[in-house]
Amino acid sequence: MKKLFIHNTLSNQKQEFQPINAGKAGMYVCGVTVYDRCHLGHARAVVFFDVVYRFLQELGYEVTYVRNFTDIDDKIIKRANEQNIHWRQLTEKYIDKFYQDFNALNIKKPSFAPKATDHMEDIISAVSVLIQKGFAYEKNGDVYYRVRKFEGYGKLSGRSIDDLQAGARIEIKDVKDDPFDFALWKKSKEDEPFWNSPWGKGRPGWHIECSAMSSKYLGNHFDIHGGGHDLIFPHHENEIAQSEAISGGKFVNYWVHNGFVTVNKEKMSKSTGNFFALEDIYKEYEPRILRLFLISRHYRVPLDYSTDLLDESKKAWARVENCVRRIEDALHSAKNIAVKKNSEVDEEIYQLFIEYMCDDFNTARAVSLIFDLVTKMNQKFMINKIDKKLVDYLFTLRKMCDVLGLEIQSSGTNSVALTDVSSYKYNETELDGLLAKDKLAIEDIRKLVLLRGVARKNKDFNQADKIRDKLSALNITLRDMKDQTEIIEL
RNA sequence: GGCGGCGUACCCAAGUGGUAAGGGAGAGGUCUGCAAAACCUUUAUUCAUCGGUUCAAUUCCGAUCGCCGCCUCCA
């Protein structure tokens, strides 16, 4: 197995990945709080960790991937009240939307996608243990974590409690022993959702559900924990404090955080209002284009969003799809089927791909290999048509795209050989009939292209262009090649 | 105030102690009735600025300038 290096937020350096259990990898990624539509920022995180998931599997690891939903918190309650609906109605709606948005982005299903509200017992028992061990205390139905009791507090985010104090912007609550103590359990107010607990009716604080759910599905100590950069503090810092206080041992070996999506260089977020919802972007751009865009930059640096850049991705991907479409169309002919069956990976290219990805998931570099390969394939196709090597290239290309989750849309193509044209009998009545039709069957389209071929041969370009215009109006593009005409349906 | 990141061609963006991947755009060409696609050539003596270390730095160190993030909910 190739050595994988991962940038670990905990040590702030790249480290070789050494799983706790040989051949296995446990990964927990903080999902979303479901009170609104998902935006590009969420997409970057979800797509990136989807790539990590796929790549670990490609390396041969048996991966247990957990990505949670936080489906109870203040924002949810507030939003539900505003809309005058039950909070569960709200969270269910946005969980459905989450899947809609992300299925479109070709996200693989994680091993588990737990919801906080399905794990109240686990949460309550985690809080109980923290109280027993003296890391937490109850005050009027709230339970708080005693931050100063946990020695390593700040080790992930590189800060100390005293530094925090210097620029403190947090409200002082008299009930807490220390202003930095955070809530594990919140007493519910009237008309708020609640669960019964040893401390009365209430709901969990923000961080505890991740500690509870990760240990439930992955154990107290697991390999990788991920999320957006903004979760480092306080969310992940607090998770460490909770989980390590409970278990008494190490919580997570590798902390992985992705950078933000920005707009005009500024962070995209719901609070500032400068966010783009996925479903809105899908109106203009196909999800696979967005996916390419999202992985075209290294995951840890900010990614600035603009439609110009999406346009660039769109054009770039069209080149890949044109190439694959053309070659696969040629492969449909019977004599090439045997070649296709024996296709194998081009090791030289593929090993390079693995090497780049092993260097802290360098998707930008990996993607460049796809474009290099496309150029190679086009060159080869131009000269030799189909041969074994070309088919291997195609196989390799598809494999790399698969690991990255990039979809190649190569269907809807067809070509008409110009050799067929010479034998085709020109029939004006037939042509007029076809031109008058509103909807054309595949055979009709092929016939039209043949008729156009005849027209071109006779140098009747008016007629030829008329046919092309007709097809173009039906979203069918024609490309005249040397010995054939490509038919591309959009 | 504390902690962290970034600054590479017209734009986006990799990368390395030995002299700059890839994509988009531009220019020229091949092909072509035209169009489109594809291919070829071309576009950074230079990697924010200034110092230092080194035989050699864009890559290491220091300073300066600029941009951004976290320290409050946030992917």
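Every chain is numbered from 1, with letters handed out A, B, ... down the list of sequences.
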Given the [atom1] atoms of [N] and [M], what is the spacing between them in whole Å?
{"N": "B:A35", "M": "B:U16", "atom1": "P", "result": "44 Å"}
{"N": "B:A20", "M": "B:U58", "atom1": "C1'", "result": "8 Å"}
{"N": "B:G22", "M": "B:C61", "atom1": "C1'", "result": "31 Å"}
{"N": "B:G7", "M": "B:U46", "atom1": "C1'", "result": "15 Å"}
{"N": "B:C40", "M": "B:G24", "atom1": "P", "result": "12 Å"}
{"N": "B:U8", "M": "B:U45", "atom1": "P", "result": "15 Å"}
{"N": "B:G26", "M": "B:U19", "atom1": "C1'", "result": "27 Å"}
{"N": "B:G17", "M": "B:A25", "atom1": "C1'", "result": "33 Å"}

Within the 4.0 Å heavy-atom criterion, would you say [X] contacts the bases, only the backbone, or no part of the nucleic acid?
{"X": "A:Val46", "result": "nothing"}
{"X": "A:Ile232", "result": "nothing"}
{"X": "A:Gly228", "result": "sugar-phosphate"}
{"X": "A:Ser313", "result": "nothing"}
{"X": "A:Gly31", "result": "sugar-phosphate"}
{"X": "A:Asp372", "result": "sugar-phosphate"}

Among [options], the nucleotide that comes nearest once only the side chain of [X] is considered:
{"X": "A:Phe371", "options": "B:G23, B:A75, B:C70", "value": "B:G23"}
{"X": "A:Lys75", "options": "B:C73, B:C12, B:A75", "value": "B:C73"}
{"X": "A:Gln379", "options": "B:C39, B:C11, B:A14", "value": "B:C39"}
{"X": "A:Thr375", "options": "B:G69, B:A14, B:C39", "value": "B:C39"}
{"X": "A:Met382", "options": "B:A75, B:A14, B:C39", "value": "B:C39"}
{"X": "A:Thr33", "options": "B:G24, B:A75, B:C39", "value": "B:A75"}
{"X": "A:Arg326", "options": "B:A75, B:C73, B:A37", "value": "B:A37"}
{"X": "A:Lys265", "options": "B:A36, B:A75, B:C67", "value": "B:C67"}
{"X": "A:His298", "options": "B:C12, B:C70, B:A14", "value": "B:A14"}

Checking side-chain polar atoms at under 3.5 Å, does [X] have a donor or acceptor matched by the opposite partner on [Y]?
{"X": "A:Tyr153", "Y": "A:Asn238", "result": "yes"}
{"X": "A:Asp96", "Y": "A:Tyr94", "result": "no"}
{"X": "A:His257", "Y": "A:His229", "result": "no"}
{"X": "A:Thr375", "Y": "A:Arg319", "result": "yes"}
{"X": "A:Asp162", "Y": "A:Ser160", "result": "no"}
{"X": "A:Glu486", "Y": "A:Ser415", "result": "no"}

Interatomic distance, [X] [atom1] vs [N] [atom2] [rounded to whole Å]:
{"X": "A:Asn8", "N": "B:G4", "atom1": "CG", "atom2": "C1'", "value": "15 Å"}
{"X": "A:Glu321", "N": "B:A36", "atom1": "CD", "atom2": "P", "value": "20 Å"}
{"X": "A:Ile161", "N": "B:C70", "atom1": "CD1", "atom2": "P", "value": "21 Å"}
{"X": "A:Lys155", "N": "B:C70", "atom1": "NZ", "atom2": "C1'", "value": "20 Å"}
{"X": "A:Met357", "N": "B:G22", "atom1": "CE", "atom2": "P", "value": "20 Å"}
{"X": "A:Asn264", "N": "B:G69", "atom1": "CG", "atom2": "P", "value": "12 Å"}

- Please say which of A:Arg398, A:Met400, A:Arg291 ends up in a side chain to side chain contact (heavy atoms under 4.5 Å, CB included) with A:Leu406.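 When A:Arg398, A:Met400, A:Arg291 are each tested with A:Leu406, the side chain to side chain contact (heavy atoms under 4.5 Å, CB included) holds only for A:Arg291.
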Does a side-chain N or O from [X] land closer than 4.0 Å to OP1 or OP2 of [N], or not?
{"X": "A:Asn322", "N": "B:A37", "result": "no"}
{"X": "A:Lys267", "N": "B:C70", "result": "yes"}
{"X": "A:Arg365", "N": "B:G15", "result": "no"}
{"X": "A:Asn378", "N": "B:A37", "result": "no"}
{"X": "A:Arg297", "N": "B:A13", "result": "yes"}

**Q.** Check: A:Tyr217 ring centroid to A:Tyr28 ring centroid under 6.0 Å
**A.**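 So the answer is no for these two rings.
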Partner lookup for [N], please. Criteria are Watson-Crick or G-U wobble with both distances under 3.5 angstrom; report none if nothing qualifies.
{"N": "B:A14", "answer": "none"}
{"N": "B:A20", "answer": "none"}
{"N": "B:U53", "answer": "none"}
{"N": "B:U30", "answer": "B:A38"}
{"N": "B:G69", "answer": "B:C3"}

Are any protein N/O atoms closer than 3.5 Å to N/O atoms in nucleotides 28-34 of chain B? If there are, list each pair with its distance.
unit_1, atom_1, unit_2, atom_2, d
B:G33, O6, A:Arg452, NH2, 3.4
B:G33, O6, A:Arg456, NE, 3.4
B:G33, N1, A:Asp465, OD1, 3.1
B:G33, N2, A:Asp465, OD2, 2.7
B:C34, O2, A:Arg468, NH2, 2.5
B:C34, N3, A:Arg468, NH1, 3.0
B:C34, N3, A:Arg468, NH2, 3.3
B:C34, N4, A:Asp480, OD2, 2.7

For RNA chain B, determine which residues of residues 470-479 of chain A have any heavy atom closer than 4.0 angstrom to one of its atoms, and list them numerically.
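Going residue by residue through residues 470-479 of chain A, the ones with a heavy atom under 4.0 Å of RNA chain B turn out to be A:Leu478, A:Arg479.
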Where do A:Tyr254 and A:Val252 come nearest, in terms of heavy atoms and distance?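 Distance-wise, the nearest heavy atoms are O-CG1, 3.4 Å.
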Between A:Cys30 and A:Glu239, which heavy-atom pair has the shortest distance, and what is it?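 Closest heavy-atom pair between A:Cys30 and A:Glu239: SG-OE2, 3.7 Å.
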- Could you walk me through whether A:Asp304 and A:Arg297 pass salt bridge (Lys or Arg N to Asp or Glu O under 4.0 Å), step by step? CA-CA 10 Å; A:Asp304 205 43; A:Arg297 208 172 175 198; over 6 Å; no
### Message
Could you go through A:Asp387 and A:Lys389, starting from their C-alpha distance and side-chain angles, then the distance that decides it, and tell me whether this counts as salt bridge (Lys or Arg N to Asp or Glu O under 4.0 Å)?
### Response
CA-CA 6 Å; A:Asp387 65 5; A:Lys389 192 75 194 162; over 6 Å; no
Along RNA chain B (nearest heavy atom to each residue), the more 5'-positioned of A:Asp311 and A:Cys323
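Per heavy-atom nearest nucleotide, the more 5' residue is A:Asp311.
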- More 5' along RNA chain B: A:Ala316 or A:Leu231, using each one's nearest nucleotide?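 Its nearest nucleotide being more 5', the pick is A:Ala316.
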Can the positive tip of A:Lys270 be found less than 6.0 Å from the middle of the six-membered ring of A:Phe275, inside 45° of the ring normal?
->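 Output no; distance or angle outside limits.
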